[in-house]
Amino acid sequence: MRKPLPGSAIPCESERITEITGTDALARVKELVEDIDFTMLTTVDDEGNLVSRPMSTRQMDEAGDIWFFTSDDTDKVDEARAHRDVGLSY
């Protein structure tokens with residue numbers, strides 16, 4: 001059995017990753033998202049540039065939608081409306 005070097009993030013061969021799906025996966029993501037206050041929200045501006053900014057997560061609902069408080073009159077809202085695919089990095 002191979003062991004990782006001290007300070008290494010490489011797992012041992014004996015460590016196994018378990019895949020979860022469906023409601024179990026959604027519940028785990030909800031737990032992680034709501035435990036981490038800030039995320040980086042990435043949108044695409046009118047020129048096609050990626051624009052990221054920190055956002056504070058309010059909640060994740062049962063459908064998996066993540067909610068934030070923000071003013072309706074902001075570039076990030078305009079960008080999200082124009083380009084529905086956004087990125088969240090926790």
Side-chain angles (χ1 to χ4, degrees):
M1 174 176 356
R2 195 179 86 208
K3 296 201 179 221
L5 296 172
S8 171
I10 300 171
C12 298
E13 290 176 13
S14 63
E15 292 182 23
R16 302 205 186 264
I17 297 174
T18 303
E19 182 177 341
I20 58 174
T21 58
T23 56
D24 290 339
L26 195 58
R28 179 66 176 137
V29 170
K30 180 177 174 58
E31 177 184 315
L32 292 170
V33 163
E34 291 184 348
D35 195 41
I36 302 170
D37 187 19
F38 287 95
T39 184
M40 292 300 289
L41 170 68
T42 303
T43 57
V44 179
D45 68 14
D46 290 334
E47 286 133 23
N49 300 307
L50 296 176
V51 183
S52 298
R53 75 280 287 159
M55 297 289 292
S56 179
T57 304
R58 292 295 113 216
Q59 74 176 38
M60 182 174 146
D61 65 22
E62 299 305 317
D65 295 321
I66 299 175
W67 292 84
F68 305 95
F69 283 119
T70 187
S71 174
D72 194 40
D73 186 28
T74 62
D75 289 341
K76 66 182 156 277
V77 171
D78 294 340
E79 292 162 3
R81 285 184 176 143
H83 307 278
R84 302 298 288 190
D85 292 327
V86 300
L88 296 174
S89 300
Y90 283 90

Q: Look up atom CZ in R81 and atom NZ in K76, then write down how far apart they are to the nearest 0.5 Å.
A: 12.0 Å
**Q.** Test item: R53 and T43 side chains (from C-beta on) under 4.5 Å apart, heavy atoms
**A.** yes
Q: Look up atom CD1 in I20 and atom OG1 in T23, then write down how far apart they are to the nearest 0.5 Å.
A: 9.5 Å
Q.
Less than 4.0 angstrom from a charged side-chain N to a carboxylate O is my criterion; do R28 and E31 meet it?
A. yes
Q. Taking atom CG of D85 and atom OG1 of T42, what is their separation to the nearest 0.5 Å?
A. 12.5 Å
Q) In Å and rounded to the nearest 0.5 Å, what is the OG1 to CG distance from T70 to L41? A) 9.0 Å
(Q) Counting neighbours of CG on D65 that are heavy atoms of other residues, nucleotides or ligands and sit closer than 6.0 Å, is the number greater than 12? (A) yes
Q.
With heavy-atom distances below 4.5 Å as the criterion, would you say the side chains of T57 and F68 are in contact?
A. yes
Q | Main-chain N/O of S89 paired to T39 side chain as donor or acceptor, under 3.5 Å | A | yes
Q) Going hydrophobic residue to hydrophobic residue with side-chain gaps under 4.5 angstrom, can you get from I36 over to V29? A) yes
Q. Can you tell me how far the CG atom of D78 sits from the CG atom of D73, to the nearest 0.5 Å?
A. 7.0 Å
Q) Can you hop from M60 to L32 via hydrophobic side chains spaced under 4.5 Å? A) no
Q: Report, as yes or no, whether the 6.0 Å neighbourhood of atom CG on D46 holds more than 12 heavy atoms from other residues, nucleotides or ligands.
A: no
Q: State, with a plain yes or no, whether a side-chain heavy atom of D75 is found less than 4.5 Å away from one of V51.
A: no
Q | Reported CZ-to-CZ distance for the pair F69 and R58, which is rounded to 0.5 angstrom | A | 6.5 Å
Q.
Grouping I, L, V, M, F, W and Y whenever their side-chain heavy atoms are under 4.5 Å apart, do L88 and V33 come out in a common cluster?
A. yes
**Q.** Whether T74 side chain and V77 backbone form a donor-acceptor pair below 3.5 Å
**A.** yes
**Q.** Over all atoms of both residues, closest heavy-atom pair of D37 and S56
**A.** OD1-OG, 2.6 Å
Q. Can you find a pair of side-chain heavy atoms, one from N49 and one from V44, that are under 4.5 Å apart?
A. no
